[in-house]
Number of protein chains: 2
Amino acid sequence: MAVTMKDVAEHAGVSLPTVSRVINDTSYVNAETRAKVLAAIEELQYVPNQMAASLRSNNTKTLALLVPDIASSFWTTVLRGVEDEAMARGYHVFLGNTDDDPAKEARYIDGLVRRRIDGLLIAPTAKSVPLLRRLRQQGMGCVVVHRPVSGLEIDTVRSDAYASAVILTQHLLAAGCRRIAFIGGEIEQGRLRAYRETLAAAGQVLDPALVRIGPLSEQVGEQLVNTVLARNPPPDAIFIGNNRLATGALHALGRANAQRSEPIAIAAFYDSAALSVYAPPMIAAIQPAYEIGRYSTRRLFDRLANKPVDGHEIILSNRIMIVSGAHTPSLEPAAG
Amino acid sequence: MAVTMKDVAEHAGVSLPTVSRVINDTSYVNAETRAKVLAAIEELQYVPNQMAASLRSNNTKTLALLVPDIASSFWTTVLRGVEDEAMARGYHVFLGNTDDDPAKEARYIDGLVRRRIDGLLIAPTAKSVPLLRRLRQQGMGCVVVHRPVSGLEIDTVRSDAYASAVILTQHLLAAGCRRIAFIGGEIEQGRLRAYRETLAAAGQVLDPALVRIGPLSEQVGEQLVNTVLARNPPPDAIFIGNNRLATGALHALGRANAQRSEPIAIAAFYDSAALSVYAPPMIAAIQPAYEIGRYSTRRLFDRLANKPVDGHEIILSNRIMIVSGAHTPSLEPAAG
DNA sequence: AGCCCTCGAGAAATCGTTAACATAGTTTCG
DNA sequence: CGAAACTATGTTAACGATTTCTCGAGGGCT
């Protein structure tokens, strides 16, 4: 049916492995022979069968990235970083969307293992540790993206959310805010901890009603803001711990602030893509999504090549940005 | 190294093909034998090698979806539809992001053909017709998603953008608008045509300066709105022809309308996900993204199974929605 | 008794590549 | 000058599954 390497070999008048050598550039081939083979490939419109190659050579030239939320610009930006790095090496990337659901995650991973992908980049759910452990036992190259994993020494690439959260909280305190609400996601405990500890260090007592955790979506962001705003007395600042929540939360806050003389101060984990769409005055921590994607992938390739690497955690720093009154976000970095 | 079917067979005391029969449920197997085999699989933690299976059986149980913009909630929703339909049949989906760049598209497709995917769902760029033609020649199952293709009879699943655009334009006209601006994307000519023809049919002359085409991003949406608003006299309505543009455009319009006594009327191709984040008063055409994904995939499977299908175009209708003053969008459908 | 179907399972061929090994002519170098 | 090293190609054996063929036992028909 389809054109195979054998056909190409016959057409070019050479042996089959020679064709393979030309294609993969894997051994010496005479320039004339190479030309003949390339001509035959062109003429027959031959496309190599990756299945057969993978079966024999034991690698698929394929990675996978499992993200919790494909609709988040953070994750799509990570994907871009991963793809750029992978494609440059001739690899393809399988993208999977887990919705932070362990069952979905498991289903994906089963399919990926069946397909013998070479390596996995994953933002694991809270319950994925045993799964990760098993994967590593099976010898699958794994890098955890953007989320710290406890109880398992595994390569991780993330930004230092804790440190940024401290800076953001301190900034609000320095601005004189005394009732700082927090909204965030279940999985991002580090940011909540940073907020709590920074308030405590400053001798502030926090109103538990001002801390709201919820699933990561725009709608929830909006709801959580409305919930904390309804508290009496209302907060004088809000810390938004997640970029997806932020998109909804900022709109709610925009409407609320429009009707106040004294606006509610805002600190948020936000996103450079989202920033260019909507950016009210606030202090924001912008996570280096693209770089996280690239570094994760590089680390994965290093592992696959058995290169020695030092440490199993790569921590990138967020960009702290102060957005002033104008809509167009100022580009002055406030800290590293 | 890894556990193979042979190992399972030996462990279970049966022959290798029997294991295959148990796994694929492809022939009679005694209940006891089956139990033994399943136990062996469990014990050895065997995971089938899809490469080997695909090589022999000539199918990969893998589809691919190539979208122009992964950051658009429209396309991620399409993906959900595709995945639900595919996973239910034991297929996996390769997602690729082309950015509407023919070169990127070609690179992806090469990788997919190498990997011998069973079928392709694609939102082609404006220049993809020859590529599609070649793919079909090679026998690759193809379904075009959401975009009409001219000069080629190929399965297509899309919504009737033209009809909706007519309704939206008529609605603006009926509301008394006389200077209706249009912003949209290069690729979506049908909507622009509908707008032009409806205006012409109503005897309206259109100011060419009020028609702006640009690449599909939030920022551009915002810019295009600002451009047409700067026109003197300004438009009294804006037709936004794309959901991605709409996200940016609506914010710009929101700010503009806040400072006017007579607000600018809005008609937009929008998105149910985006709608729940931000929805000013307007008339919107909501495209059935999830259904588009599902129907495309079903059609693809029908083709792969050589089922007879009638026609090569499936056209779904958009939901026309009138969002009234309140932020929470009304759910009253205005037309089919 | 003879025939055909259902049920069950093994032997061997096969899918399209790459890896390992073999073979030789030609340089290079101590 | 002879051993090693490089260049260039062919032969053969995997890789890990599925498919086809074959064989048999048992049951229900004519």
Side-chain angles (χ1 to χ4, degrees), chain A residues 1-38 40-41 44-62 90 110-111 113-118 138-139, chain B residues 1-38 40-41 44-62 90 110-111 113-118 138-139:
Chain A
M1 188 79 218
V3 180
T4 72
M5 213 171 227
K6 196 177 154 201
D7 301 323
V8 175
E10 281 167 9
H11 198 87
V14 299
S15 74
L16 195 147
T18 299
V19 178
S20 173
R21 285 189 265 258
V22 169
I23 289 176
N24 301 311
D25 201 24
T26 182
S27 165
Y28 307 103
V29 176
N30 184 290
E32 269 181 56
T33 314
R34 157 170 287 121
K36 272 195 299 184
V37 170
L38 290 176
I41 289 176
L44 299 179
Q45 293 255 48
Y46 169 68
V47 182
N49 184 326
Q50 182 71 45
M51 299 299 118
S54 296
L55 177 58
R56 184 66 242 258
S57 67
N58 208 31
N59 66 17
T60 50
K61 299 262 178 208
T62 307
D110 178 61
V113 173
R114 279 178 128 78
R115 282 167 181 75
R116 298 293 192 268
I117 56 160
D118 294 334
Q138 294 173 1
Chain B
M1 188 79 215
V3 180
T4 73
M5 211 171 228
K6 196 177 154 201
D7 301 324
V8 175
E10 281 166 8
H11 198 89
V14 300
S15 75
L16 193 148
T18 299
V19 178
S20 173
R21 286 190 264 258
V22 169
I23 288 176
N24 300 312
D25 202 23
T26 181
S27 166
Y28 306 105
V29 176
N30 183 289
E32 268 181 58
T33 314
R34 159 170 284 120
K36 273 196 300 184
V37 170
L38 290 176
I41 288 175
L44 299 179
Q45 294 255 48
Y46 170 67
V47 182
N49 184 326
Q50 181 73 44
M51 299 300 117
S54 297
L55 177 58
R56 184 67 240 261
S57 66
N58 209 30
N59 66 16
T60 50
K61 300 262 178 207
T62 307
D110 178 62
V113 173
R114 280 177 126 78
R115 283 168 180 74
R116 298 293 192 269
I117 56 161
D118 294 333
Q138 293 172 3

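Numbers restart at 1 for each chain; the letters A, B, ... are given by sequence-line order, proteins then strands. Just so it is clear, the model here is predicted, and its values are computed rather than measured.
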Checklist entry - Rounded to whole angstroms, how far apart are CG on B/N49 and C1' on C/dT17? => result 14 Å
Item to check | Close side-chain approach of B/I41 and B/I23, heavy atoms under 4.5 Å | outcome: yes
Checklist outcome for this item: chain A vs DNA chain D, heavy-atom contacts under 4.0 Å, first-to-last nucleotide span, 5' to 3', is D/dC6 to D/dG16
Next on the checklist: Check the phosphate of C/dG8 against B/Y28, side-chain N and O only, distance under 4.0 Å to OP1 or OP2. Yes or no?
Outcome noted: no
Item to check | Five-pair end axes of the helix from C/dA1-D/dT30 to C/dG30-D/dC1 and the angle they enclose, rounded to 10° | outcome: 40°
Checklist entry - B/R116 CZ to C/dT17 C1': how many Å, rounded? => result 11 Å
Checklist entry - What is the distance, rounded to the nearest whole Å, between atom CZ of B/R34 and atom P of C/dC7? => result 13 Å
Item to check | Separation of atom CG in B/D25 from atom C1' in C/dG8, rounded to whole Å | outcome: 14 Å
Item to check | B/E10 and B/V19, any side-chain heavy atoms less than 4.5 Å apart | outcome: no
Item to check | Inter-residue atom distance A/L55.CG - B/R56.CZ, 0.5 Å rounding | outcome: 12.5 Å
Item to check | side chain to side chain contact (heavy atoms under 4.5 Å, CB included) between A/R116 and A/N58, worked out | outcome: CA-CA 8 Å; A/R116 298 293 192 268; A/N58 208 31; over 6 Å; no
Next on the checklist: Could you work out, with salt bridge (Lys or Arg N to Asp or Glu O under 4.0 Å) as the rule, every residue matching B/D7, not counting sequence neighbours?
Outcome noted: none
Item to check | B/Q138: partners by side chain to side chain contact (heavy atoms under 4.5 Å, CB included), with sequence neighbours left out | outcome: B/V113, B/R134, B/L135
Please list, for nucleotides 18-26 of chain C, all pairs of protein and nucleotide N/O atoms separated by less than 3.5 Å.
residue: C/dT18; atom: OP1; partner: A/N24; partner atom: ND2; Å: 2.7
residue: C/dT18; atom: OP2; partner: A/S20; partner atom: OG; Å: 2.5
residue: C/dT18; atom: OP2; partner: A/N24; partner atom: ND2; Å: 3.4
residue: C/dT18; atom: O2; partner: A/R56; partner atom: NH1; Å: 2.5
residue: C/dA19; atom: O4'; partner: A/R56; partner atom: NH1; Å: 3.3
residue: C/dA19; atom: O4'; partner: A/R56; partner atom: NH2; Å: 3.3

Next on the checklist: According to side chain to side chain contact (heavy atoms under 4.5 Å, CB included), who are the partners of A/T26, at least two apart in sequence or on a separate chain?
Outcome noted: A/R21, A/N24
Item to check | Beyond-backbone contact of B/M5 with B/N49, side-chain heavy atoms, under 4.5 angstrom | outcome: no
Item to check | Pairwise distance OG1(A/T62) to CZ(B/R114) - rounded to 0.5 angstrom | outcome: 11.0 Å
Checklist entry - Rounded to the nearest 0.5 Å, how far does CG of A/N59 lie from CD1 of A/I117? => result 12.5 Å
Next on the checklist: Under 4.0 Å, counting only non-hydrogen atoms across every strand here, what does A/S27 touch: a base, just sugar-phosphate, or nothing?
Outcome noted: base
Item to check | Side chain proximity check, B/T60 to B/R115, heavy atoms < 4.5 angstrom | outcome: no
